[in-house]
Amino acid sequence: MVMVIASVLAVGLASFAHLLRSTHSATQVNALVTDLNLARNEAIKRGQTVTVCKSSSAAACTPDSAWHEGWLIITDRNENGQLDDDEEILRVAPALEGGTKLSFSAWGVGTGKYVSYFGNGTSQKNGTFRFCNLAGASGARAVILIQSGRVRTTADGVSCP
């Protein structure tokens with residue numbers, strides 16, 4: 001009887017841990033999608049470029065840091081992907097928790113160091129953000145950005161290094 005209870009508890013705990021990881025991943029993905037949409041909406045509202053850039057300091061864009069260390073949403077009047085004296089921080093996103101890694105690869109034009117939205121709501125690049133957590137490929141998620149400015153999420157075919 002004790003063995004049966006122990007087995008049921010072990011299976012239940014493993015399922016619960018998987019559920020927690022899955023929920024945590026979904027929350028992180030949704031936070032990025034929300035921030036990309038915020039940047040796009042602010043660009044349209046202001047009629048100027050708004051950029052999402054990597055930031056490990058929460059006070060400046062740090063292009064050599066990793067996306068999972070955090071990011072900023074900034075006004076970017078001169079479209080250089082950096083926070084200059086005459087520009088403002090609109091939002092600070094903290095580092096991702098739980099061992100989640102986040103990377104961005106741009107397709108075609110530009111690098112994966114930042115994403116900018118123009119005043120008409122379009123993005124200057126297409127690309128994919130990849131979320132990889134301790135669950136490996138089974139927990140991988142992606143946020144796909146297209147130049148129209150729209151984003152979508154997927155778990156299909158996402159690979160983690």
Side-chain angles (χ1 to χ4, degrees), residues 20-137 139-155 157-161:
L20 284 178
R21 276 194 306 272
S22 179
T23 301
H24 191 254
S25 292
T27 300
Q28 292 175 329
V29 168
N30 289 338
L32 177 63
V33 168
T34 298
D35 283 351
L36 290 171
N37 285 326
L38 173 65
R40 182 178 189 223
N41 290 337
E42 285 293 323
I44 293 167
K45 180 176 86 175
R46 294 167 183 262
Q48 72 178 65
T49 301
V50 172
T51 293
V52 181
C53 62
K54 299 185 283 185
S55 178
S56 58
S57 71
C61 297
T62 52
D64 294 329
S65 63
W67 279 99
H68 54 266
E69 293 178 74
W71 57 86
L72 300 176
I73 301 174
I74 61 170
T75 59
D76 194 7
R77 289 181 178 91
N78 61 1
E79 300 177 6
N80 68 350
Q82 291 293 316
L83 179 63
D84 298 312
D85 290 339
D86 63 338
E87 298 167 342
E88 66 180 294
I89 296 174
L90 303 175
R91 173 149 165 44
V92 176
L96 299 179
E97 297 175 350
T100 301
K101 302 295 183 196
L102 176 60
S103 62
F104 177 67
S105 55
W107 316 334
V109 178
T111 67
K113 296 184 182 212
Y114 63 90
V115 171
S116 294
Y117 288 94
F118 303 117
N120 63 2
T122 62
S123 171
Q124 96 283 17
K125 62 184 75 169
N126 295 313
T128 302
F129 287 91
R130 283 185 178 77
F131 287 82
C132 296
N133 63 24
L134 301 176
R141 303 285 182 270
V143 175
I144 300 169
L145 169 68
I146 58 174
Q147 281 186 306
S148 71
R150 298 201 183 259
V151 295
R152 69 178 175 90
T153 62
T154 186
V158 180
S159 61
C160 289

- Chi angles and distances behind the side chain to side chain contact (heavy atoms under 4.5 Å, CB included) call for T154, I144: CA-CA 8 Å; T154 186; I144 300 169; 3.9 Å; yes
- Item | Test log, rule side chain to side chain contact (heavy atoms under 4.5 Å, CB included), inputs R46 and L90 | CA-CA 12 Å; R46 294 167 183 262; L90 303 175; 3.1 Å; yes
- Go through the steps to decide whether R150 and S123 satisfy the test side chain to side chain donor-acceptor pair (under 3.5 Å), and finish with yes or no. CA-CA 8 Å; R150 298 201 183 259; S123 171; over 6 Å; no
- Task: Begin with the C-alpha distance, continue with both residues' side-chain angles, and end with the deciding distance and a verdict on side chain to side chain contact (heavy atoms under 4.5 Å, CB included) for N37 and V151.
- Result: CA-CA 8 Å; N37 285 326; V151 295; 4.1 Å; yes
- Task: Could you give me the CA-CA distance, side-chain angles and deciding distance for I73 and I89, then say whether side chain to side chain contact (heavy atoms under 4.5 Å, CB included) is met?
- Result: CA-CA 6 Å; I73 301 174; I89 296 174; over 6 Å; no
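No donor-acceptor distance shorter than 3.5 angstrom exists from the side chain of Q28 to the backbone of L102, with no hydrogens or angles considered. Using modelled atom types, one side-chain atom of R40 and one backbone atom of G121 make a donor-acceptor pair closer than 3.5 Å. In this structure, T75 contributes its side chain and E88 its backbone to a donor-acceptor pair below 3.5 Å. A donor-acceptor pair under 3.5 Å is formed between the side chain of D76 and the backbone N or O of N80. A donor-acceptor contact shorter than 3.5 Å links the side chain of E87 to the backbone of R77. The closest donor-acceptor contact from the side chain of S55 to the backbone of A58 lies under 3.5 Å. Not a single donor-acceptor pair under 3.5 Å links the side chain of Q147 to the backbone N or O of T122. The main-chain N or O of L96 is never found under 3.5 Å from a side-chain atom of T100 such that the two would form a donor-acceptor pair. A donor-acceptor pair under 3.5 Å is absent between the side-chain atoms of T153 and the main chain of V143, judged by distance alone.
Looking at heavy atoms from C-beta onward, N78 lies in side-chain contact with D84 at the 4.5 angstrom threshold. Proximity of V158 to R141: side-chain heavy atoms (C-beta onward) are nowhere separated by under 4.5 Å. When side chains are defined from C-beta on, Y117 does not count as touching T51, because their heavy atoms never get closer than 4.5 Å. Using a 4.5 Å cut-off on side-chain heavy atoms (C-beta onward), K54 and Y114 make no contact. For the pair V52/L36, a side-chain contact is recorded, criterion being any heavy-atom separation below 4.5 Å from C-beta on.
Contact check on D64 versus K113 returns a salt bridge, with a Lys/Arg side-chain nitrogen under 4.0 Å from an Asp/Glu carboxylate oxygen. For the pair K101 and E69, the salt-bridge criterion is not met [side-chain N within less than 4.0 Å of a carboxylate O].
Considering only residues two or more places apart in sequence or on other chains, F129 meets the ring pair (Phe, Tyr, Trp, His ring centres under 6.0 Å) condition with W67, F104. Under the side-chain hydrogen bond (donor to acceptor under 3.5 Å, both in side chains) criterion, T128 pairs with W107, sequence neighbours left out.
How far CG of D35 is from CD of E42: 11.5 Å, rounded to the nearest 0.5 Å.
For G112 against A106, the heavy-atom pair with the smallest separation is N-CB, 4.3 Å.
Listed by first and then second residue, the disulfide bond (SG atoms under 2.5 Å apart) pairs that reach into residues 54-95 are C53-C61, sequence neighbours excluded.
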